[in-house]
Amino acid sequence: MGVKLQNIIVRKHIRYQDLVGKIIAIDAPNIIMGLFNFTRKNPDASDASLILDRTQRPIFHLYGLLYRVNFYYSKGIFPIFCFDGKVSELKRVVSKDQLKDFLFTQKWYELAVKESNKKLARQIALSKEYMWQNIIKESKQLLGALGIPYIESPASAESQCAYLVKKGIVNFSNSQDFDSILFGCPSLIQNLSKSLRRKVQGKWQYQKIQTLHINLHKNLKNLQISLFQLIDVGILIGTDYFPGITGIGPKKALTLIRKYKNIETLILKEYQNFDFHELTPYIIKRVRKIFVFPEVLESLDNIHWNFPNKTRVMSLLCREHHLDKNRVNSNLAKFEKNYKTCRENFIFKKDYLKPKQATLDYLL
DNA sequence: CGCAAATA
DNA sequence: TATTTGCGG
């Protein structure tokens, strides 16, 4: 769950009109996780409150993505979804065994459905071997059918999004996590959704929120540190790749890094105040490398926003998942309309198609 | 989340 | 017309 940078990073409200005709890289796993956390019947976060179809599989990603992409198009935004590839071994490991597990579990699930063993099907559908892999698989299928481009990053989705912004291929990245800025993403957008409300932890209650923009360059200037040093701050607080040092939060990490310039000096001077036992030179080097030189997909041919393939969408949503036909149809109609106006906008502002000069690389 | 129907 | 409620399978 991303690095806790919210207290030291300045975020500015951004209006929808500033996003018209812009291309935004979407951190797909992050946004899907958001849909998962929200689309529930009860405030308790148990799987029991998920909405399932008659094949006992969750459907939050299907409705969620259809609605969300519709929302992007309605605001004149062109989304490119980025998915995780094989994630670094320091992060949650998706091994080959697990991939094999999924294929096996998938077969097992299909058998349970065939035998109308509802209880078993449900158990498998919600198991961790099956559910997330299948959610991701179906999300890609749906995006493909909707004519939305997506990229499978060799490493993490966030680093791929950051790369696209850095290269000027897209205008913004959209992720709720702050990890993107450690990856050097110059321009990050948060809370990009229609309802602009968020569930308060564990309660059946909402708080109003607004769409926010983070300018990395301005923030570094404001914090008076370099991106390298911000990464060191992140390592101290804790990221997906290292749990962090107990007793050091965002404020303290910032003060310490400002004072000592880097983690090495900090450990040398403050070793009696904190437990740096876990933070070996090897770990420091590895985590820094992940953020500074992430593996990304560089060849990006055939990025297109196509007309939705209605037959394929209907087949996935209604035939496979038994979603309400009328509901899907009316949404598809809106979708096509939004797509058309969006496309006219884009053709009108053709210059966005050409990748701009690579943005200033703060690292060099 | 996002929609549609109900409510003030 | 603006805000709340309940539902999706």
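Predicted model only: the values in this text are computed from it and were never measured. Naming convention: chains lettered A, B, ... in sequence-line order (proteins, then strands); numbering from 1 in each chain.
- Interatomic distance, OG of S175(A) versus CE of M33(A), reported as 12.0 Å (0.5 Å rounding).
- Annotation: salt bridge (charged side-chain N to carboxylate O under 4.0 Å, His left out) contacts involving residues 186-195 of chain A, sequence neighbours excluded, are absent.
- Residues that satisfy the salt bridge (charged side-chain N to carboxylate O under 4.0 Å, His left out) test with R288(A), not counting sequence neighbours, are D232(A), E264(A).
- Map K208(A) and H322(A) each onto its nearest nucleotide of DNA chain C; the residue landing nearer the 5' end is K208(A).
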Report, as a single string ordered 5' to 3', how protein heavy atoms within less than 4.0 Å touch nucleotides 2-8 of chain B: B base, S sugar-phosphate only, - not at all.
-> SSS----
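- The stretch residues 108-132 of chain A does not touch DNA chain C, since none of its heavy atoms comes less than 4.0 Å from the strand.
- T280(A) pairs by the side-chain contact (heavy atoms from CB on, under 4.5 Å) definition with Y282(A), I283(A), not counting sequence neighbours.
- By the side-chain contact (heavy atoms from CB on, under 4.5 Å) test, S330(A) pairs with no residue at all, sequence neighbours left out.
- Computed from coordinates, the L65(A) CG to dG8(C) C1' distance equals 16 Å when rounded to whole Å.
- For the pair Q56(A) CD and dG9(C) P, the interatomic distance rounds to 14 Å; values are reported in whole Å.
- Counting any heavy atom pair closer than 4.0 Å across all strands shown, L323(A) reaches sugar-phosphate atoms only and no base atom.
- What separates CD1 of I51(A) from C1' of dG6(C) is a distance of 11 Å, to the nearest Å.
- By the salt bridge (charged side-chain N to carboxylate O under 4.0 Å, His left out) test, K289(A) pairs with no residue at all, sequence neighbours left out.
- Annotation: side-chain contact (heavy atoms from CB on, under 4.5 Å) contacts of K261(A) (sequence neighbours excluded): Q229(A).
- For the side-chain contact (heavy atoms from CB on, under 4.5 Å) test, residues two or more places apart in sequence or in another chain that qualify with S74(A) are F71(A), N338(A).
- The nearest whole Å value for the distance from the CD1 atom in I59(A) to the C1' atom in dC1(B) is 11 Å.
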